[in-house]
Number of protein chains: 2
Amino acid sequence: MQTKTENGTKRDLNRENILKIAREIFSKYGYKKTTLDDIANAVRKGKSSLYYYFASKEDLFQAVIMKEVEILARELEIVINRNTDPVDKLRDYILTKLATFRNLANFYHAIENDVTAVEFIEEVKRRYEQDEIRMIKRILIEGVRKNEFEIYDFNLAAIGITTAIKGLEMPLSAGNYGSVNLERSVDIILKIMCYGIIKK
Amino acid sequence: MQTKTENGTKRDLNRENILKIAREIFSKYGYKKTTLDDIANAVRKGKSSLYYYFASKEDLFQAVIMKEVEILARELEIVINRNTDPVDKLRDYILTKLATFRNLANFYHAIENDVTAVEFIEEVKRRYEQDEIRMIKRILIEGVRKNEFEIYDFNLAAIGITTAIKGLEMPLSAGNYGSVNLERSVDIILKIMCYGIIKK
DNA sequence: TAATTTTTCGACTAAAAAAGCCGAAATAAA
DNA sequence: TTTATTTCGGCTTTTTTAGTCGAAAAATTA
């Protein structure tokens with residue numbers, strides 16, 4: 001018998017392959033227009049075989065998105081661990097997140113017509129919120145330690161900032177991408193927040 | 001009452017608009033994945049309204065393709081009427097046709113998976129064949145008049161050349177685009193044909 | 001080799017989506 | 001007002017798709 005780990009690896013490899021291909025197809029056609037047969041053909045398996053790896057189409061799609069989200073998370077982790085000025089860090093964090101999120105939304109045609117996809121992505125955002133708050137908190141704590149911020153309740157502050165970021169995301173989700181100058185909006189909000197935060 | 005022509009114009013304008021938008025959507029998703037609702041939404045009409053202008057989805061798709069084909073035909077007409085050396089003209093004709101056809105096939109995802117679309121395009125090719133033979137014949141006749149070609153049966157010669165062109169199209173339809181150097185293939189075939197055609 | 005486990009798939013069903021139809025309503029023109 | 005044009009909601013029929021199941025195939029182990 002294979003050891004369980006070896007076995008798991010083999011299976012996971014297949015899974016990964018399906019995910020990779022499914023990602024391409026979903027990103028090309030969106031959730032609704034992509035059929036499991038499309039994916040099955042592309043991975044050269046029968047449709048039924050997909051169910052050996054994933055419980056449902058929805059499940060597969062979520063797995064694909066989750067993988068994307070992990071990439072985003074990793075990028076953000078890097079930003080956070082860079083040794084930069086806390087304000088810059090905040091700025092980079094927000095910009096990185098917005099940029100990647102825009103891609104996500106674009107990718108899955110979440111916006112135009114595909115209601116189901118939108119809901120998934122909303123769901124992901126919701127689940128991610130707690131992580132976000134934690135990350136922001138880390139930045140704030142670091143800022144205080146470096147004697148640049150002056151904050152009494154980290155939790156509340158982090159929640160407040162998270163909310164502000166949501167505001168920045170809105171125009172993205174709403175679909176008028178190009179029209180908004182992201183960087184500019186971010187700087188404006190940052191300025192406002194800073195004058196309430198930075199030690200005088 | 002509107003005059004019949006005015007009326008026709010208005011209706012045709014609507015038709016044209018539908019065609020234009022349908023073309024975009026078909027080219028994005030392919031025949032199968034495009035639904036009449038997609039198109040109807042895009043033109044801001046009810047799906048039923050489309051049936052006022054087109055008899056069926058197939059009908060609409062064919063109209064879209066026909067329009068593309070007309071564009072091709074117009075380009076070829078221009079090539080034919082240019083005052084160039086007959087051999088060059090033959091060469092330009094073939095290259096222009098292949099280039100445009102490649103676009104068509106690419107566009108409608110005719111190749112990958114979408115069986116129905118492939119059939120349509122094959123059908124179009126078939127219908128176009130007669131025109132093609134006629135056009136080639138014109139080039140040949142001109143060549144003889146200019147004392148560069150020596151041909152006894154224009155019809156047979158034109159059919160032969162048309163067949164050769166079909167051979168050039170094959171790798172396109174088969175899907176291995178990049179791999180083949182079109183221009184080179186054309187020149188080789190042309191050379192072969194010329195040494196059987198050109199007056200010594 | 002035989003027994004066991006993993007993986008694949010064809011055939012099927014139920015549910016959803018799409019094409020297509022029709023009559024009536026809205027709109028525009030006369 | 002009358003007539004012609006255009007739109008569309010709601011309906012039926014057909015097609016497509018997600019998802020199930022059991023059995024076959026392939027791989028693994030003993």
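These numbers come from a predicted model, not from an experiment. To find a chain, count down the sequence lines: A is the first, B the second, and so on, and within it residues start at 1. As a basis for the values below, the full set of heavy atoms in this structure was taken, side chains included, without hydrogen atoms, waters or symmetry mates.
Atom-to-atom, CD1 of B/I39 to P of C/dA18 comes out at 12 Å; the value is rounded to the nearest Å. Taking atom NZ of A/K45 as the reference point, atom C1' of D/dA25 lies 13 Å away to the nearest angstrom. If you measure from atom CG of A/L50 to atom P of C/dT6, you get 20 Å, rounded to the nearest angstrom. Rounded to whole angstrom, the span from the CZ atom of B/R11 across to the P atom of C/dA29 amounts to 15 Å. The distance from atom CG of B/D59 to atom C1' of C/dA19 is 13 Å, rounded to the nearest whole Å. Rounded to whole Å, the distance from CD1 on B/I18 to C1' on D/dT6 is 11 Å. Here the P atom of nucleotide C/dT7 and the CZ atom of A/R15 are 12 Å apart, to the nearest Å. As rounded to whole Å, 13 Å separates atom P of D/dT6 from atom CZ of B/F54.
Take B/R82 and apply the salt bridge (Lys or Arg N to Asp or Glu O under 4.0 Å) test, not counting sequence neighbours, and it matches B/D92. With sequence neighbours excluded, the residues forming a side chain to side chain donor-acceptor pair (under 3.5 Å) with A/D187 are A/R91, listed by chain and number. For B/E75, there are no side chain to side chain donor-acceptor pair (under 3.5 Å) partners two or more places apart in sequence or in a different chain.
A cation-pi contact, defined as under 6.0 Å to the ring centre and within 45° of the axis, is absent between B/K28 and A/Y29.
B/I78 shares a hydrophobic cluster with no other residue; no ILVMFWY side chain has heavy atoms under 4.5 Å from its own.
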Distances under 3.5 Å only, N/O to N/O: pair up the protein atoms with those of nucleotides 15-19 of chain D.
unit_1 : atom_1 : unit_2 : atom_2 : d
D/dA18 : OP1    : A/K57  : NZ     : 3.1
D/dA18 : OP2    : A/L36  : N      : 2.9
D/dA18 : N7     : A/K47  : NZ     : 2.7
D/dG19 : OP2    : A/Y51  : OH     : 3.2
D/dG19 : OP2    : A/K57  : N      : 2.7
D/dG19 : O5'    : A/Y51  : OH     : 3.4
D/dG19 : N7     : A/K47  : NZ     : 3.2
D/dG19 : O6     : A/K47  : NZ     : 3.2

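For A/Y52, a side-chain nitrogen or oxygen approaches OP1 or OP2 of C/dT7 to under 4.0 Å.
Here B/Y53 lies in heavy-atom contact (under 4.0 Å) with sugar-phosphate atoms only.
Screening residues 132-142 of chain B for salt bridge (charged side-chain N to carboxylate O under 4.0 Å, His left out), with sequence neighbours left out, gives B/E77-B/R138, B/K89-B/E142, B/K97-B/E132, B/D131-B/R134, B/E142-B/K146.
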